[in-house]
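These notes are about the structure you will find just below.
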Amino acid sequence: MDWKIRKNEYNQEKIAEDGNRFLIGNGYMGVRGTLEEYEKEQLVAINLAGIYDQVGEQWREPLNAPNGFFGFLEIDGKPYRLPAETPKSHFVELDYRNGICKRETCFRTGRGDVILTCERFVSMKKVHLGVIRYRIRANFHADINLITGIDADVWDINGPHYKRISMDEESMLNISAVSEEKEYQVSVVADERTEFPCEKRNYQERLKSLRIINFITDINREYCVDKFFAVYTSKDTDDCYRMAKDEVLQAVAKGYETLLSEQKEAWEEIWSNAEVLIEGDEKSMEALNYSTYHLASIAPRHRKSLSIAARGLSGQTYKGAVFWDTEMFMLEYFLMTNPSVAKTLIRYRIDTLEGAKKKAKQYGYQGAFYAWESQEGGFDACSDYNVTDVFTKRPMRTFFRDKQVHISAAVVYAIARYIEVTGDQSILEEGAVETVIECGLFYYDLLLQRVGKEGYEIHDVIGPDEYHERVNNNGYTNRMAKYTFQVAVQLMNQVSDEDKIATAYPLEELKKKFEEAGEKIYIPQPNGNNVIPQFDGYFDLEDTTVEEVRSRLLDPKEYWGGAYGVASHTQIIKQADVVTWLAMFPADFSKKVLLDNWNYYEPRTEHGSSLSACMYALLACRCGMPQEAFPLFMKSASADLQGGGKEWAGLVYIGGTHPAAAGGAYMVALKGFAGLEFQNGKVYVRPNLPKHWKSMKFKIMYQKQQYEIEINEQKTEVRAIKKEAL
Ligand code: IFM
């Protein structure tokens with residue numbers, strides 16, 4: 001495996017998909033895999049983590065920074081740029097071992113050929129920094145203008161976000177922009193290094209700060225231009241312009257080669273903990289490591305409290321918001337490979353507890369109801385009208401924000417899993433206990449007791465399967481609420497009398513209430529065929545096939561759920577729901593029940609969400625069916641490598657990268673195929689490899705100790721290899 005993906009042909013229809021596939025990032029910013037000469041029409045984005053802004057009544061979304069990678073060639077006075085030009089040859093390559101994206105394009109002119117090669121990365125060591133090396137070679141004496149600069153005419157889904165844009169008349173290229181709503185300042189400064197005679201001239205164009213570098217080429221000589229740019233925002237510092245300038249000065253002084261070796265070192269460090277080796281199936285190994293490349297590229301290492309958006313740093317899709325994806329699908333990867341990032345993700349939820357309490361209050365509940373689409377401060381960006389109807393072009397009332405109450409339990413799950421895996425209790429003092437108690441209070445308030453019935457129920461919710469809205473007793477939700485009560489009691493039992501929580505909450509009373517709630521909450525049980533109803537009345541819905549439902553679509557972009565969606569009145573579901581429950585809590589039922597549910601639900605699942613396949617794969621492994629799990633694992637692991645996922649929900653664009661699928665694939669590999677488990681402070685592996693996998697080797701962190709795990713036909717070994725915490 002050469003840790004590179006490459007595309008040799010140029011096709012315009014794939015610009016959006018390639019932007020995701022060739023993405024580079026460092027947790028602070030994500031840069032779509034677009035070409036240097038592209039502009040907003042080609043969905044260029046330098047997407048910034050955790051900084052949001054709203055224009056008018058449109059959806060609030062994260063800011064895209066002015067593009068410091070912008071640049072193009074003029075040859076003999078004529079611009080040569082894609083897509084306007086047809087290249088003689090062209091390739092794009094991502095070296096995902098080192099987070100470096102390269103393109104090479106040969107332009108044919110009337111006088112000869114010019115080859116432009118660009119190699120770029122965003123520094124993993126200095127997260128504000130972007131670096132690019134241009135190499136230009138011609139087989140004739142070409143008059144070259146390399147036009148390089150910063151483009152503030154950025155792609156926005158709900159923008160434009162910058163109301164004021166300024167450029168100083170300085171020797172360095174620079175743009176400072178002020179955002180519409182929150183008046184965040186974003187400054188980008190750029191400069192370059194050339195070591196050959198050339199003429200340079202700065203100029204400004206609407207929303208662009210540009211420089212022409214002019215030279216005449218010798219035949220077949222390579223000319224190298226190294227450009228460095230830095231992005232700072234007023235969320236990082238009070239003086240972002242100066243900080244950006246200083247960073248660029250330092251980068252220019254260091255030079256490309258030094259920054260490149262720092263980049264390689266930083267990525268090597270990541271892979272030294274995260275690489276998964278698979279013998280016997282190179283394709284799986286590539287897909288899996290490429291998937292986790294995306295997770296590593298968006299990991300917030302630069303902050304103590306920040307989370308990851310559902311589409312990572314690939315743009316403003318889904319409002320750049322944080323969903324349950326992080327806790328239920330991505331967290332495990334960080335726990336195994338970099339627990340301090342896992343802690344950062346959890347702190348984000350602890351720090352947004354106030355937002356969750358506010359949301360609960362708005363709906364008349366006590367406790368913490370986390371945002372379905374969480375932005376700064378836990379603000380719920382989810383709109384009441386989250387899908388646009390393809391027929392009427394009107395926004396459709398959806399209930400994701402109001403009814404996907406399972407989100408709070410995902411936060412509790414993450415906290416409990418973090419403590420279990422890392423053994424680090426320090427988050428308890430940082431607000432984790434309050435967070436869990438508040439989530440418990442929220443579910444407590446949702447409980448209903450029907451006259452003449454014993455248990456407690458939860459009505460009017462949406463489970464993971466979003467096509468069926470406002471259902472009663474969604475099994476997954478009720479089970480997660482039960483789990484929340486149990487974790488809350490456990491944590492309250494650890495609180496000492498001197499602890500300030502002991503005075504803030506009536507702990508004894510709460511423990512009693514939650515214990516009782518945990519025991520009495522109604523958990524849907526398997527029917528005569530061993531199948532658990534996804535919610536009350538699920539089996540009464542039309543039992544049909546995914547293909548039949550698909551054939552009823554009048555428009556391919558039509559939304560399947562909601563009031564009159566094609567799936568709403570059928571048993572066809574969007575994504576793993578009961579199966580997510582069983583994959584998470586396999587000990588709840590016998591293996592036979594797990595299997596019968598898998599067999600029932602799988603053919604009835606559209607897998608319309610990239611979060612679905614991995615849960616089916618995980619449960620298949622739990623049922624001892626690695627062969628059935630394998631294609632579903634590959635579907636998750638290849639979500640961004642192959643592309644082709646759903647790009648539209650009604651008329652709303654939902655394309656981008658799929659970090660939850662990546663995290664899901666990683667879970668399948670480790671928990672499913674390798675059968676990794678922790679019990680009483682010990683690491684166990686009960687391998688369940690697909691037939692053609694000859695061996696598997698990876699490292700994990702468990703309770704401050706790193707282990708190397710090796711599984712092959714002869715042996716299964718778990719070796720403790722490093723003492724220090726990561
Ligand atoms: O969180 C998911 C949800 O489960 C399905 N729709 C997309 C969301 C973001 O990935």
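Just follow the structure's listing: the first ligand is 1, and inside any ligand the first atom is 1.
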Hey, are Glu466 and Lys574 close enough for a salt bridge, meaning a charged N less than 4.0 Å from a carboxylate O?
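Salt bridge between Glu466 and Lys574, a charged N being under 4.0 Å from a carboxylate O: yes.
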
Is it true that Glu376 and Lys182 make a salt bridge, defined as a side-chain N closer than 4.0 Å to a carboxylate O?
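Salt bridge present between Glu376 and Lys182.
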
Determine, stepwise, if the pair Gln575 / His607 fulfils side-chain contact (heavy atoms from CB on, under 4.5 Å).
CA-CA 5 Å; Gln575 65 196 85; His607 296 297; over 6 Å; no

List, pair by pair, the atoms of ligand 1 and of the protein that are both N or O and lie under 3.5 Å apart, giving the separation rounded to 0.1 Å.
| residue | atom | partner | partner atom | Å |
| --- | --- | --- | --- | --- |
| ligand 1 | 1 (O) | Trp324 | NE1 | 2.9 |
| ligand 1 | 1 (O) | Asp325 | OD1 | 2.6 |
| ligand 1 | 4 (O) | Trp324 | NE1 | 2.9 |
| ligand 1 | 4 (O) | Gln575 | NE2 | 3.1 |
| ligand 1 | 6 (N) | Glu466 | OE1 | 3.2 |
| ligand 1 | 6 (N) | Lys574 | NZ | 3.4 |
| ligand 1 | 10 (O) | Asp325 | OD2 | 2.6 |

With ring centroids as reference points, do Trp581 and Phe589 lie under 6.0 angstrom apart?
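Distance test on ring centres: under 6.0 Å, yes.
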
Name all residues meeting the salt bridge (charged side-chain N to carboxylate O under 4.0 Å, His left out) criterion together with Arg470; count only those two or more places apart in sequence or in a different chain, and write none if there are none.
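Listed in chain order: Asp460.
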
Is the NZ or CZ atom of Arg479 both under 6.0 Å from the centre of the six-membered ring of Tyr483 and within 45° of that ring's axis?
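Pair Arg479/Tyr483 does not count as cation-pi.
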
